[in-house]
Amino acid sequence: MSPSGHGAPGAWAPSHPPDRTGTNIPYNPGHFSRQNSILSIVDLDSGTTRPLWIDGVELPSVGTLQDSIVTDVCVVGAGIAGLTTAYLLSREGAKVVVIDDGPLCGGETGRTTAHLSNEIDDSYQELESLHGPEGAKLAAESHTAAIALIERIVQEEQIDCDFVRLDGYLFNSVDGDDAYIDKEFQAAWRAGLNPERLPHAPLPFPTGACLRFPNQGKFHILRYLRGVIAAIQRRGGELFTSTKAVDVCDGFPVQVRTEHGYTIEAGSVVITTNSPVNNLFVPHTKQMAYRTYVLGARVPQGSIQDALYWDTLDPYHYLRTQRLSGETGWELLIVGGEDHKTGQEDNPNAHFRALEEWTRERFTQIKDIAYRWSGQVLEPDDYLAFIGRNPGDQNIYIATGDSGMGMTHGTIAGMLINDLIRGRENPWAKLYDPSRKTLGALGEWTRENLNVAAQYVKWLSRGDAESPQAIAPGEGAVIREGGKPIACYREPDGRLHRYSAVCTHLGCIVSWNAAEKTWDCPCHGSRFAIDGHVLNGPAIAPLKSAEQDTKRAA
Ligand code: FES
């Protein structure tokens, strides 16, 4: 087990050796506006579709930072990784400030399916080959500890979030290769888990062999984080929304400059913005962005055995159920899958259709499809998140590369970064080190970076539409104007938005995402709204207006 945990709140120790950094920076809460206790409906700002977690959940309404401040730790990004980090540090007596450029929990955390699993979705067979038996063991231990920590926080903070322990089943299709299941069974046991091999999964359709992993978990992510936020605030932590970090400069203190010209000075800064916005290259060359699709189908309550399920296809399907508040006799079957590289698919809506077809074929009891949403997954080339000190920096930490296991990786980030800031040993530090180079992943790294290089060929293409007139209301397309790529979106009422289609990260051409009504970059997964503002990093700057871009070129 990690030495992380719930230390008693008390005197906050500096995060660095005293001979190097001196004493802790004073915290001055009087420098900024206090938060109020008004609740606000959750507002996801990373796309148009609406996940089920939003319905009926209110989060504290917090303000925008309105002055320069100093604090012990500044967390940039209010998703599960940032909030868990803030929570654990505040429990240890640190003064913590959390900022987010959007609303609380408005990014990819709110687009999860909230599986809590210690069975790695990329498999222990793969982990063993890349990180060795010891690495696989540490990975298993860390994900197990993450579920345990969530359970403990739920109990100690008395958070009403439907947390339950339950089995997880990894299953083959009827014609699947059982050798894969057998190898995974052995690798998972070597990693310290205790799966059971069964001939079939307890699902209402035929399956091949399966592994049952006991003691997994599921919860309602936004109800959980509502409780975590309240706990942070009770311990004096402050949260600010619509507060965008535009520059993070290492040192002691670290200086975070915000879009509105304020500065946050902190002993340590933790960047948990899904894709780190403080790095231009590393680690973006070591991970690839994917879109994943999710349905929420209304089914009779109890008609599906309560468990987590994952099949072995590539891309794989992942399933669980969720209680529906206010509806008796029905619950939601949540089904995800159909992953593809971000910005590299012409028809994202086809993936919703394929997922619905797959689901309806197997679950004939479906009454209707109540929810459809998509989310972004960052897949590291060696399948484990990057958590720890930012490469080249002393007091800046990052957490990225959720690898489709964002709930546990985000929680591991909280534990690990807490230990690193406190100067404590953590057995997982090397495994998750963002500076690591995994030799066995070199082939994957090369493939992915060749794929990125190939995306620049789009500069030579003719565009997706001949002219703005060819773009239907509610749709978008990249057109060419004097050879320049222009991202055009036509509002349902006919108005046209025109922006440069050149991604402000490293210059790839963005693609239209018809499912989310966003502009997605095929190179490193930056995403932009129809008004050009950034929804996902690594880009920081918005898309330029088409006119501005043309003028610059002239
Ligand atoms: Fe890197 Fe667009 S995200 S070029």
Side-chain angles (χ1 to χ4, degrees), residues 45-47 76-77 101-102 107-108 244-248 271-292 339-346 348 374-381 386 390-391 398 400-403 434 444-461 463-464 476-478 484-487 489 499-513 516-546 548-549 552-553:
D45 68 347
S46 53
V76 182
D101 65 346
E108 294 309 312
K244 181 172 179 167
V246 292
D247 189 36
V248 184
I271 309 288
T272 53
T273 48
N274 186 246
S275 180
V277 292
N278 58 318
N279 292 302
L280 200 56
F281 294 105
V282 180
H284 310 300
T285 54
K286 298 198 289 183
Q287 61 184 5
M288 195 75 198
Y290 286 79
R291 300 301 299 168
T292 188
D339 302 13
H340 64 78
K341 283 180 175 156
T342 298
Q344 297 188 25
E345 176 59 65
D346 287 341
S374 68
Q376 186 130 310
V377 171
L378 294 176
E379 189 59 69
D381 55 15
F386 299 109
N390 188 51
I398 60 170
T400 187
D402 58 89
S403 190
E444 186 66 11
W445 182 90
T446 307
R447 251 190 313 281
E448 294 298 8
N449 282 285
L450 283 174
N451 175 280
V452 169
Q455 303 313 311
Y456 285 92
V457 171
K458 246 183 132 182
W459 269 99
L460 305 175
S461 78
D464 307 326
V478 174
K484 296 188 73 64
I486 308 295
Y489 169 71
Y499 288 90
S500 163
V502 180
C503 175
T504 56
H505 177 226
L506 291 175
C508 279
I509 308 292
V510 296
S511 300
W512 176 241
N513 177 341
E516 295 292 353
K517 308 252 180 260
T518 56
W519 296 105
D520 296 357
C521 181
C523 284
H524 313 101
S526 289
R527 298 178 58 242
F528 303 85
I530 52 172
D531 67 359
H533 84 260
V534 178
L535 300 173
N536 282 83
I540 301 177
L543 294 177
K544 293 188 176 82
S545 78
Q548 187 187 357
D549 201 42
R552 249 169 45 93

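Just so it is clear, the values below take in all heavy atoms, side chains as well, and ignore hydrogens, waters and symmetry mates. First listed ligand is number 1; within each ligand, the first listed atom is number 1. Residue numbers start at 1 and run along the sequence shown.
With sequence neighbours excluded, the residues that form a side-chain hydrogen bond (donor to acceptor under 3.5 Å, both in side chains) with Lys341 are Glu448. Checked against side-chain hydrogen bond (donor to acceptor under 3.5 Å, both in side chains), Gln376 has the following partners two or more places apart in sequence or in another chain: Arg291, Thr342.
Heavy-atom distances between Ala539 and ligand 1 stay at or above 4.0 Å for every pair.
Cys521 has its SG atom 2.5 Å or further from the SG atom of Cys503.
The two residues Ala529 and Trp519 come nearest to each other via the heavy atoms O-CD1, 3.6 Å.
Rounded to the nearest 0.5 Å, atoms CD (Glu345) and CG (Asp520) are 11.5 Å apart.
Below 4.0 Å from some heavy atom of Cys508 lie the following atoms of ligand 1, by number and element: 4 (S). The distance from ligand 1 to the heavy atoms of Ser526 drops below 4.0 Å at these ligand atoms: 3 (S). Each of the following atoms of ligand 1 lies closer than 4.0 Å to a heavy atom of His505: 1 (Fe), 2 (Fe), 3 (S), 4 (S).
Relative to atom 4 (S) of ligand 1, the option among Leu506, Thr342, Val510 with the closest non-hydrogen atom is Leu506. Taking all heavy atoms of Gly525, Cys503, Gly507 into account, the minimum distance to atom 2 (Fe) of ligand 1 is reached by Cys503.
Under the 3.5 Å distance criterion, with hydrogens and angles disregarded, a donor-acceptor pair is assigned to the side chains of Thr292 and Asp339.
Under 4.0 Å from ligand 1, the heavy atoms of Cys521 that appear belong solely to its side chain.
The atom of His524 that is an N, O or S and sits closest to atom 1 (Fe) of ligand 1 is ND1.
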